[in-house]
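Just below is one structure, and these are the notes that go with it.
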Amino acid sequence: MSQKELYLLDGNSLTYRAFYALPTTLTKSDGTITNAVFGFTKMLLTLIDNEAPDSIGVAFDVGKKTFRHQAYEDYKGTREKTPDELRPQFKLVKDVLEALQIPFFGMEEYEADDLIGTLAKRAEAEGYQVTIVTGDRDALQLISDNIRVMYTRRGITDIVDYTLEKFREDYELEPIQLIDKKGLMGDSSDNIPGVDGIGDKTSTKLLKEFGTLEKLLENIDKVGGKKRKATLEEQADRARMSKELATIKLDVPIDIDFESLKISDFNNEEAYQLFNDLEFTSLISYIGGHKEVKDFSYEEIDSIEDFKRLEVGEKLAINLELSGEKLTRELEHIAISFDDQNYYIDLDENELLEGLREIIAGKELLMLEGKEQIRYLLQHGIAVDTLAFEPLLADYLLKPSEQEKSFAELVQGHLQRALPESDDKELLILKTKLLFDLEEELITKLEENDLLRLYQEVELPLLNVLAELELNGIKVSKEGLEELNVKFKEKIANIEEQIYELAGETFNINSPKQLGVILFENLGLPVIKKTKTGYSTSASVLEKLEGKHEIIPLISQYRTYTKLQSTYVEPLEEYINEETGRIHTTFNQRVTATGRLSSADPNLQNIPIRSEEGREIRDVFVAEEGKKLVAADYSQIELRVLAHISDDEGLKEAYQHGLDIHTKTASEIFDIPLEEVTSNERRKAKAVNFGIAYGISDWGLAKRLNIGNKEAQEFIELYFSRYPKVKEYMDNTIKQAKEEGYVTTVFNRKRYLSDINSKNYHKREFAKRMAINTPIQGSAADIMKIATIDVANALKEEKLNAKVLLQVHDELVLEVPEDELEMVQKLVKEKMEEAVQLDVKLEVDVKVGDSWNNME
DNA sequence: ACGTCCTGCAA
DNA sequence: TATTGCAGGACGT
């Protein structure tokens, strides 16, 4: 039988510690600061995890004044008042304790310290081993053979365990002498005065000699040093009072039964809900270990006849277990759930497909990793008519800024359940079954957030379309790539040689560090800009050095070609699918915070176009024999969106009259007639127009245009005076973000901006720019998503063979048989322009070509 | 092997 | 000290 153990925590001190140890940027998505609660909870759970205590009690201060204030008015007088960010968190700490069923207590007039002292000594007398957990060193005076103190040294994880032995070693005193020591040296943090001129060293020396403050004062004549003796005599009362203040009360009239402090099972629903509400995702695992979902049964099907005979409901969850690489996947097994029935189907691939084809026709499907599975099905000629639910996508809409989550995290976060450890088969079935639970939960949450329409009418249908796009892929000329490879290789070798010649030595031109030495030390060129780690050699720096040395343009050229070579020419070849001769990128629907898609493996949304050398790469993206590539892009969709959401007359009018918006802006801010705008003025205006959509600063615009801050500021002010409602829109959006914690797009897509009320200037300003940009970029993304769906569906409806291959934010790339060209061009333009009805017209330019370069 | 920095490509 | 991404090479651990 082990000894009875009791852990007593100083709730106040630990919460304070947590508050100062963690940044106040730790917030819920609505902006509520939770750093202290989080820190406290983490300490508590770690403690429980490490120490497995069987009894815990948490003490709090109650009220502001204590008996110590009556004795000494200035007690804790130097303390700053509790920060506003911290005060409301005490309530939350108590909520956490309540949910975890851990008792806490407090008493008027007494500090948490006194309660802990009293209880510790009483428990010790009853035979307990007591551990006091606190951030306050005062508690060390309570140490004994059966009482130890754990206190937080730095942060919240660095905890020191003080036993009697360690205390004696560190202090050369007995724990109780700590109060005498404080009487002598005082404590600035509590504003306890002590005796002038006596500090750490002297107090220890005196106490080692005399034992206590009282004995010291009795034997004052034996104290060495005239001055010290005089001060001690003079300040004897002050010393006695200081000691009293520092003494933890051991006789507080508190009535607590230690039996009631026994820890109980805290894996309860309330704790889950609270942690969920506080968004303590990472802490849920501490309380989540036990609650698993295992109670389910399933049936195994191993004949195609049985599979086909399954009478499935209208709505079913299907889960395909796929192996292999993206386009060569093989179907191993299937799990199906509906109406509380679960099936595991183990047949060969063709039979599985055959059965599936029959089973899912016309049904509403719940799927996990929908795009992967739908792409596989499409590849085998099975179209999914109605995708009714996909959990990862739903979770993304609710929290688009968060990192992509695993299925287990989703189950944890939304169902408060832990996935059990089990074999692949059970897990597959369980996941399938859980799709129904997730559907219920997530659809409700989407509904509550007004996101259901966006989910059902945009994101889910798009998921289907993206599977098609990926399967389609785009044809890439291997020979073309090879030619480019040779051409660029020669260029690079040539430039490299010249650079080494001019530098007088060979070095790694790709290393900014080595290049910096060559340019700024060996060649003595002026340093334009520095990075954290050394000289900056960025393109803008090189541009400023142009003309100062022949090596500079060569470096720029070298950079251009090696960039193209290593990022595009070389890697692209590897991505060409041997069977299709095409590149099949992956479109990710759950990455961006604004609602855009992203593309990876390879990224086909950043293929060069601006530079002459770079756009040659587009030559290798070609149409099949007998077909053409068609590229349709929105003209200035973001600025049109801005005109719409700001409702600015000037901006809207410009578009209604079909004016060139940059020329129009130039004429406004330079106050000249449209016809007189020069190309340089238009260029500046264009930068202003773009900058506005990004939440511009004068500094940023100045840098971009290479002009003075003041001039840039004037441009911005002029812009706002000409387009006043744009300014209004910005102010309102920021205001909304501050109040609601999020901003929205025209289709109600949300983005939470937790930093919008941050005390940190940079974070706050950054959040403001996001607040301005997100509705613009995000609304454009919404529109493009709808257009992508509409175009893909219209092609199918019209039974055309044209296919959508790529989406590049404001552009769709299609591959079109020559005999469909005319019709498809018209159809695409129409669908894109009519995807939504805004206050300004959307315009789409359609171009045709044999390759993605030089289209017209 | 992995993470960070710098750099640069797109809309 | 302009928004959103993906990705390469260098370099440090």
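Letters go in sequence order (proteins before strands), and every chain restarts at 1. Predicted model, so just to flag it, every value in this text is computed and none were measured.
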Checklist entry - Who passes side-chain contact (heavy atoms from CB on, under 4.5 Å) against A/Y694, sequence neighbours left out? => result A/F690, A/N773
Checklist entry - Is there a residue in residues 765-772 of chain A whose heavy atoms reach under 4.0 Å of DNA chain C, and which residues are they? => result A/F766, A/R769, A/M770
Item to check | ring-ring contact (aromatic ring centres under 6.0 Å, His included) partners of residues 700-737 of chain A, not counting sequence neighbours, each pair once | outcome: A/F670-A/F715, A/Y719-A/Y723
Checklist entry - For DNA chain C, which residues in residues 682-692 of chain A have a heavy atom at a distance below 4.0 Å? => result A/A687, A/G691
Item to check | By side chain to side chain donor-acceptor pair (under 3.5 Å) - contacts of A/N680 (at least two apart) | outcome: A/R683
Checklist entry - Taking DNA chain B as the partner, which of residues 602-614 of chain A come within under 4.0 angstrom of it by heavy atom? => result A/Q605, A/N606, A/I607, A/P608, A/I609, A/R610
Checklist entry - If the P atom of B/dC5 is compared with that of C/dT1, how far apart are they to the nearest Å? => result 14 Å
Checklist entry - Which residues satisfy the side-chain contact (heavy atoms from CB on, under 4.5 Å) test with A/K831, sequence neighbours excluded? => result A/D790, A/V791, A/A794, A/L827
Checklist entry - Base, sugar-phosphate, or nothing for A/R615, non-hydrogen atoms under 4.0 angstrom? => result nothing
Checklist entry - Does anything in residues 704-740 of chain A reach DNA chain B, meaning a heavy atom under 4.0 Å, and if so which residues? => result none
Next on the checklist: I'd like to check the side-chain contact (heavy atoms from CB on, under 4.5 Å) partners of A/S401; sequence neighbours left out, ordered by chain and number.
Outcome noted: A/A593, A/R751
Checklist entry - In residues 584-593 of chain A, which residues come under 4.0 Å of DNA chain C by heavy atom? => result A/V591, A/T592, A/A593
Checklist outcome for this item: Its contact letters, B for base, S for sugar-phosphate only and - for none at protein heavy atoms under 4.0 Å, make nucleotides 8-13 of chain C read S-SSS-
Item to check | Residues which pass side chain to side chain donor-acceptor pair (under 3.5 Å) with A/S721, listed by chain and number, not counting sequence neighbours | outcome: none
Next on the checklist: I want to verify a distance call: between B/dG8, C/dA2, C/dA7, whose nearest atom is closest to the A/S697 side chain?
Outcome noted: C/dA2
Next on the checklist: Under 4.0 Å, heavy atoms only, any strand: does A/T774 hit a base, just the sugar-phosphate, or nothing?
Outcome noted: nothing
